[in-house]
Amino acid sequence: FVVSDGKNVYWTDRYDPVIRGATLDPAHTLFKVTSMVDGANSPLGRMAIHDGMLYWAAQGPNAVWAAKTDGTSLFATK
């Protein structure tokens with residue numbers, strides 16, 4: 001699933017525990033926002049964004065995860 005803050009777009013990766021992003025400018029620069037713990041996945045994770053924080057649901061383990069949208073959170077917290 002995808003969410004945007006108007007400047008960037010963010011999504012969960014179906015095949016690994018990484019949250020990715022890209023700028024919405026003409027360059028569409030890709031970047032890694034954060035990682036979940038090894039073995040975690042979020043193939044159908046719902047996402048929300050608020051006040052510089054990104055939140056998403058994961059299926060394994062079941063949890064709501066959070067990270068800063070600026071990419072300064074090396075690992076997500078739940």
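Looking at Thr12 and Met47, their side chains come closer than 4.5 Å, going by heavy atoms from C-beta outward. Taking the side chain as every heavy atom from C-beta outward, Thr34 and Trp56 approach each other to under 4.5 Å. By the 4.5 Å heavy-atom criterion applied to side chains, Asn8 and Leu24 are not counted as neighbours.
In the hydrophobic clustering of ILVMFWY residues, with side-chain heavy atoms under 4.5 Å counting as a link, Ile49 and Val64 come out apart. Hydrophobic clustering keeps Tyr55 apart from Val2 (ILVMFWY residues linked when any side-chain heavy atoms are closer than 4.5 Å, directly or through intermediates). Side-chain heavy atoms closer than 4.5 Å link hydrophobic residues (I, L, V, M, F, W, Y) into clusters, and following such links, possibly through other members, connects Val3 to Ile19. No chain of hydrophobic side-chain contacts below 4.5 Å, direct or via other Ile, Leu, Val, Met, Phe, Trp or Tyr residues, connects Val18 to Trp65.
Residue Lys7 comes nearest to Asp5 through the heavy atom pair N-OD1, 2.9 Å, listed as atom of the first residue, atom of the second, then distance. Here the shortest heavy-atom pairing between Met36 and Ala58 reads SD-CB, 4.3 Å. Closest approach of Met53 and Ala66 over heavy atoms only: CE-CB, 4.0 Å.
A donor-acceptor pair is defined here as one N or O able to donate and one able to accept, closer than 3.5 Å; no such pair exists between the side chain of Thr69 and the backbone of Leu54. Side-chain atoms of Thr23 come within 3.5 Å of backbone N or O of Thr29 as a donor-acceptor pair.
Environment of NE2 in His50: sparse, with no more than 12 heavy atoms of neighbouring residues, nucleotides or ligands closer than 6.0 Å.
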